[in-house]
Amino acid sequence: MKKSKPRVLRPEEASIDNRALTAAILQAAKRRGAEIFSGDGAKAIWREGKRCAGLVLQNEKVQANWTVIAAGCFSATIDGIAPYAPVRPAKGQMASLRTDDVKIERVLWSEKIYLVPRNDGRILAGATVEHAGFDKRVTAGGMEKILAAAIDIAPGLANARIEETWAGLRPASPDHLPILGPTDIDGLLIATGHFRSGILLTPITARLIREWITEQRVSVDWERFSPLRFSVRRE
Ligand SMILES: Cc1cc2nc3c(=O)[nH]c(=O)nc-3n(C[C@H](O)[C@H](O)[C@H](O)COP(=O)(O)OP(=O)(O)OC[C@H]3O[C@@H](n4cnc5c(N)ncnc54)[C@H](O)[C@@H]3O)c2cc1C
């Protein structure tokens with residue numbers, strides 16, 4: 001007899017539009033006085049003895065009492081950061097579908113992919129996990145995997161319109177755990193390595209970073225996420 005696969009209903013599970021979330025966070029930060037230096041990436045941390053005095057950009061330095069490296073999978077490309085955040089990119093491809101024939105009320109998972117309904121009627125299908133360097137191309141093979149698995153979950157999607165396809169790069173740490181908190185350089189903190197859950201972990205990451213900066217301690221057990229776990233502690 002064919003064994004049926006276990007099914008799990010998670011009625012409380014919700015989803016959020018990551019693009020809208022990012023725009024909202026940017027707007028909120030600007031309202032609170034954040035100054036944005038867009039387009040001018042950080043090249044290195046600015047060391048002054050045992051302290052991090054800020055960041056070195058392409059043509060200038062930015063002074064800061066506290067520096068938080070949160071450059072996703074690019075964090076290790078900033079000079080001085082690799083020992084604390086040896087992250088690498090894990091590419092994920094996705095497709096956005098639209099059809100009147102399929103109604104999905106909650107996130108659906110199969111062993112291969114997930115489908116996420118958006119309020120505007122789109123159904124997102126994703127995602128691949130590929131170790132392909134800093135390559136963000138959408139590929140035929142990636143789309144084949146996603147679309148075949150999507151149609152397997154909801155056969156009506158075979159007639160759906162493909163509205164958009166894209167790929168992103170997740171920050172993957174060697175143990176696939178986030179890398180959070182202070183380093184052994186005064187004033188330097190890391191917040192990366194969130195791999196497949198960086199959106200979900202946005203609020204707790206923000207809270208921990210705020211607590212470290214304002215109180216120099218955190219309210220939860222975080223040692224296993226320490227940026228010092230990859231390197232021998234320096235004197
Ligand atoms: C296809 C796909 C599906 C996903 N689905 C989910 C999901 O369902 N739920 C979930 O929780 N997470 C999901 N994730 C993972 C999530 O997107 C990541 O964990 C999250 O984006 C990591 O956030 P981050 O801010 O650390 O890095 P990023 O989002 O990569 O942001 C890093 C930022 O740093 C900037 N930057 C890079 N280099 C420099 C530099 N030198 N100087 C200054 N700035 C720099 C970049 O331009 C970028 O804006 C998914 C990811 C992908 C690719």
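Read the numbers this way: they start at 1 and go in the same order the structure lists the ligands and their atoms.
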Legend entry - I199, V116, V129, N18: member with heavy atom nearest to atom 17 (O) of ligand 1: I199
Inset, instruction - Distance to 0.1 Å, residue and atom name: give those for the protein heavy atom nearest to atom 20 (C) of ligand 1. - result: G198 CA, 3.9 Å
Inset, instruction - Would you check whether R170 has a nitrogen or oxygen atom less than 3.5 angstrom from a nitrogen or oxygen atom of ligand 1? - result: no
Legend entry - Ligand-residue contact atoms, ligand 1 with I78, heavy atoms, under 4.0 Å: 41 (N)
Inset, instruction - Before accepting this row, confirm whether a basic side-chain N of the pair R118/D120 lies closer than 4.0 Å to the acidic partner's carboxylate O. - result: no
Inset, instruction - Mark up the atoms of ligand 1 that fall under 4.0 Å of a heavy atom belonging to G92, in ascending order. - result: 1 (C)
Legend entry - NZ/NE/NH1/NH2 to OD/OE distance under 4.0 Å, K91 and D135: yes
Legend entry - Protein contact of atom 45 (C) of ligand 1 - nearest heavy atom, named by residue and atom, plus distance: A71 CB, 3.8 Å
Inset, instruction - Return yes or no for this condition: an N or O of C73 is under 3.5 Å from an N or O of ligand 1. - result: no
Legend entry - Nearest-contact summary for atom 33 (C) of ligand 1 - protein heavy atom, Å: A70 O, 4.1 Å
Legend entry - Stepwise side-chain contact (heavy atoms from CB on, under 4.5 Å) test for L108 and Y114: CA-CA 5 Å; L108 296 180; Y114 52 82; over 6 Å; no
Legend entry - Heavy-atom gap S197 to ligand 1 smaller than 4.0 Å: yes
Legend entry - Heavy-atom protein neighbour under 4.0 angstrom from atom 40 (C) of ligand 1: yes
Inset, instruction - Please name all residues satisfying side chain to side chain donor-acceptor pair (under 3.5 Å) with S173, sequence neighbours left out, ordered by chain then number. - result: D175
Inset, instruction - Report yes if some N/O of F74 lies less than 3.5 Å from some N/O of ligand 1; otherwise report no. - result: no
Legend entry - T165 side chain to Q93 side chain, donor-acceptor N/O pair below 3.5 angstrom: no
Inset, instruction - Please say whether the positively charged group of R19, taken as NZ for Lys or CZ for Arg, lies over the ring of W166, i.e. under 6.0 angstrom from the six-membered ring centre and within 45 degrees of the axis. - result: yes
Legend entry - Over 12 foreign heavy atoms within 6.0 Å of CG, N59: no
Inset, instruction - Give a yes/no verdict on whether any heavy atom in Y114 is under 4.0 Å from an atom of ligand 1. - result: yes
Inset, instruction - To the nearest 0.5 angstrom, please state how far the NZ atom of K145 sits from the CG atom of L147. - result: 12.5 Å
Legend entry - Within reach of ligand 1, part of L201 (heavy-atom separation under 4.0 Å): neither
Side-chain polar contacts of residues 188-200 - donor-acceptor pairs under 3.5 angstrom, sequence neighbours left out - could you list them?
from, atom 1, to, atom 2, distance (Å)
T192, OG1, G72, O, 3.2
H194, ND1, T192, O, 3.4
H194, NE2, T205, OG1, 2.9

Legend entry - Under-4.0 Å salt bridge between R161 and E163: yes
Inset, instruction - Measure from the side-chain N and O atoms of T128 to the backbone N and O of E130, and report whether any donor-acceptor pair falls under 3.5 Å. - result: no
Inset, instruction - Could you tell me whether the side chains of S15 and R106 share a donor-acceptor contact shorter than 3.5 Å? - result: no
Legend entry - Contact check: A42 vs ligand 1, nitrogen or oxygen atoms, below 3.5 angstrom: yes
Legend entry - Nitrogen or oxygen atoms of F195 and ligand 1 under 3.5 Å apart: yes
Legend entry - Sub-4.0 Å protein heavy atom next to atom 29 (O) of ligand 1: no
Inset, instruction - Can you pull out the closest protein heavy atom to atom 10 (C) of ligand 1? Residue, atom name and distance to 0.1 Å, please. - result: R196 O, 3.1 Å
Inset, instruction - Look only at interatomic distance and state if L200 has a nitrogen or oxygen under 3.5 Å from any nitrogen or oxygen of ligand 1. - result: yes
Legend entry - Atoms in ligand 1 flagged as close to M94, the criterion being non-hydrogen separation under 4.0 Å: 1 (C), 3 (C)
Inset, instruction - Starting from atom 27 (O) of ligand 1, find the nearest protein heavy-atom neighbour and note its residue, name and distance. - result: G72 CA, 3.3 Å
